[in-house]
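Everything below concerns the one structure shown next.
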Amino acid sequence: MAQTPNSSRVFHRTLNTSFPQATLAKGVYITDSTGKQYLDGSGGAAVSCLGHGHPYVIDAIKQQLDHMAFAHTSFFTNTPAEELAEKLSQEAPKNKHTSGNWRTYFVSGGSEANETAFKMARQIMFERGETSRSHFIARQQSYHGGTIATMSAGGRAASRDLYEPLLSTNFEKIMPCFPFRWQNEGESDEAFLARSTGELETMIENLGDKRVIGFIAETVSGATLGAVPPVKGYFKEIRRICDKHGVLMIMDEVMAGMGRCGKLFAIDEEGVVPDMITLAKGLGGGYQPLGAVMVREELAQEIEDGSGAFVHGHTYVGHATACAAGVAVQRVFEETGIIEQVAVKGDILAGKLIEAFGDHPHVGDLRGRGFFRGIELVKDRETNEPFDGKHGLAMKIKKAAMDEGLICYPMGGTADGTVYGPNGDHVMLAPPFIYTENHMDELIEKLGRAIDGSIAGIL
Ligand SMILES: Cc1ncc(COP(=O)(O)O)c(C=O)c1O
């Protein structure tokens with residue numbers, strides 16, 4: 001039964017609305033307690049990569065529970081954590097300048113992963129004796145999590161504003177790599193690339209010698225911008241700048257990784273080996289809360305050869321049942337070749353989106369990679385002027401889509417070039433990898449009605 005706003009004792013995300021109660025989830029559909037079905041068009045928030053109720057993953061979790069649910073990692077290691085770390089190390093980006101091996105620290109979600117990455121990066125600098133390094137550089141219009149440090153790194157005004165007095169000022173921001181909104185009129189692609197990467201070098205130099213620990217960015221920008229891939233060559237240049245200044249390059253692949261963009265690691269498309277990669281969402285596929293920080297072996301070795309212990313920890317680090325789910329998800333990836341299918345099906349979905357929305361009077365941009373797609377809505381297609389944030393268009397579309405029986409991921413604040421500002425709207429799509437063309441058609445039909453009805457309501 002749907003809860004009325006004040007009959008529930010759960011502290012929900014919004015306290016003045018009621019949520020349908022999800023009771024069953026199978027394949028690409030979630031059913032609520034009234035029997036209404038919702039097509040999952042965004043994997044929740046880019047989580048349910050294998051869809052819902054996958055028998056192999058469920059069976060693996062049950063088997064792990066029968067053996068051992070949990071043993072605290074200050075006393076023991078466990079088989080699923082070891083196996084998953086080994087598998088990720090084998091698959092992670094490599095080149096001839098690195099050992100090719102990675103170590104993985106398992107946590108329970110994306111915020112914990114990024115929080116852990118910041119501390120690990122700082123400790124690596126400590127081991128080097130570079131204790132003056134105290135700052136991170138991140139990007140405007142980014143999201144790295146909901147904890148104080150990850151929000152400090154993030155540039156999403158709607159998440160930050162209320163908490164601004166609590167946030168750390170040790171996280172500086174450069175511009176995002178988002179040509180649709182940030183490329184100046186008449187600016188060439190080369191000049192845009194130089195400007196967007198040049199900001200990093202300038203920021204590092206302005207902060208001063210041995211002041212910056214690391215640079216963090218979403219490989220493909222997720223919920224804040226709506227699936228924006230980097231321009232070609234962007235991360236290669238970022239890598240060069242990081243190397244020149246002894247700054248660690250941290251890729252946040254919490255959303256974009258684990259096959260979402262058609263490769264296990266989204267950064268593989270860029271031909272670059274970062275120093276750290278953070279993961280969550282698709283790593284556990286929604287079957288268990290699981291996140292991870294991957295770090296190149298050479299860097300982990302610096303802590304091993306130095307103090308020997310990482311000064312950090314959470315109770316559920318390396319949780320055996322969560323890692324068992326992660327192992328099962330990796331096995332499904334490997335045995336079914338489903339990630340290669342994402343690359344192919346992603347192009348089909350992109351084609352269908354162009355067909356449906358390419359000439360839409362209020363669609364300014366269609367973008368993305370693989371099964372990570374964004375539709376940016378504009379008031380005026382000639383000028384790309386966004387809808388005023390006061391309309392809350394994104395949230396109207398989210399509700400209209402739910403009424404239609406569709407789960408998608410709309411978000412406001414897309415267009416503002418500054419850290420602060422609520423203008424602009426997009427819809428992000430991140431379907432489960434098991435989608436067929438029929439599912440794509442159903443998604444587009446329902447989404448089209450939700451978008452058109454919501455825009456008609458504010459014009
Ligand atoms: C890119 C990115 N990083 C970090 C996070 C935080 O992950 P979590 O919500 O699991 O803490 C998110 C969540 O949406 C994300 O999209």
Side-chain angles (χ1 to χ4, degrees), residues 42-43 45-51 84-96 98 100-102 104 110 113 177 216-223 225-239 249-286 290-296 326-351 367-374 428-435:
S42 58
V47 176
S48 304
C49 52
L50 296 180
L84 185 54
E86 181 58 41
K87 175 73 184 156
L88 290 171
S89 176
Q90 284 167 13
E91 300 294 330
K94 325 193 166 340
N95 62 21
K96 58 180 186 302
T98 65
N101 294 324
W102 291 72
T104 302
C177 184
I216 183 165
E218 296 161 79
T219 313
V220 174
S221 290
L225 288 183
V228 178
V231 300
K232 201 167 163 28
Y234 177 80
F235 281 118
K236 271 212 166 112
E237 179 59 7
I238 294 284
R239 176 76 271 184
M249 179 177 176
I250 307 168
M251 300 318 308
D252 180 342
E253 298 216 353
V254 165
M255 259 197 184
M258 299 295 101
R260 174 63 46 209
C261 296
K263 296 218 185 291
L264 188 63
F265 294 91
I267 194 69
D268 269 339
E269 192 79 33
E270 312 305 317
V272 167
V273 179
D275 296 310
M276 293 172 142
I277 304 172
T278 56
L279 303 168
K281 301 199 187 257
L283 184 64
L290 180 62
V293 184
M294 297 184 64
V295 60
R296 289 196 295 107
V327 170
V329 168
Q330 292 297 321
R331 285 199 187 137
V332 174
F333 286 166
E334 191 175 323
E335 283 163 24
T336 60
I338 202 167
I339 293 179
E340 289 86 75
Q341 292 168 35
V342 167
V344 176
K345 290 197 283 190
D347 287 345
I348 296 173
L349 176 60
R367 54 190 175 236
R369 196 181 270 177
F371 262 0
F372 203 29
R373 296 278 152 193
M428 198 186 75
L429 302 173
F433 302 168
I434 56 174
Y435 250 46

- Compare all side-chain heavy atoms of Met258 with those of Leu88 and state whether any distance is below 4.5 angstrom. yes
- Taking every non-hydrogen atom, the tightest pair across Met428 and Phe372: SD-CE1, 3.6 Å
- Keeping the roles fixed (side chain from Glu253, backbone from Ala266), state whether a donor-acceptor pair exists under 3.5 Å. yes
- Item | Heavy-atom side-chain proximity of Pro431 to Arg260 below 4.5 angstrom | yes
- Output all residues satisfying side-chain hydrogen bond (donor to acceptor under 3.5 Å, both in side chains) with Arg373, sequence neighbours left out; order by chain, then residue number. none
- At what distance, to the nearest 0.5 angstrom, does OG1 of Thr336 lie from CG of Leu50? 7.5 Å
- Message: Does this structure show an ion pair linking Lys94 with Asp268, if we count only N-O contacts that are shorter than 4.0 Å?
- Response: no
- Heavy-atom distance under 4.5 Å between the side chains of Ile434 and Ile338, does that happen here? yes
- Sequence-distant partners of Glu91, side-chain contact (heavy atoms from CB on, under 4.5 Å), two or more places apart: Lys87, Leu264, Phe265
- Query: Hey, are the side chains of Val272 and Met249 touching, using non-hydrogen atoms and a 4.5 Å cut-off?
  - Reply: yes
- Can you label the angle between the Phe371 ring and the Tyr435 ring as parallel, tilted or perpendicular, going by 30° and 60°? perpendicular
- Message: Any heavy-atom pair between the side chains of Asn101 and Glu86 that's under 4.5 Å?
- Response: no
- Is Leu290 close to Leu84 at the side-chain level, that is, under 4.5 Å between some pair of heavy atoms? yes
- Message: Quick one, Thr219 and Cys261 - any side-chain contact, counting heavy atoms below 4.5 Å?
- Response: no
Atom pairs and distances, side-chain donor-acceptor, residues 228-237, under 3.5 Å, sequence neighbours left out:
unit_1 : atom_1 : unit_2 : atom_2 : d
Tyr234 : OH     : Arg139 : NH1    : 3.1
Glu237 : OE1    : Arg240 : NE     : 3.0
Glu237 : OE2    : Arg240 : NE     : 3.3
Glu237 : OE2    : Arg240 : NH2    : 2.8

- Query: With a 4.5 Å limit on heavy-atom distance, are the side chains of Lys263 and Val342 in contact?
  - Reply: no
- Shortest non-hydrogen contact from Ala92 to Met294? CB-CE, 3.7 Å
- Is it true that Arg369 and Glu270 make a salt bridge, defined as a side-chain N closer than 4.0 Å to a carboxylate O? yes
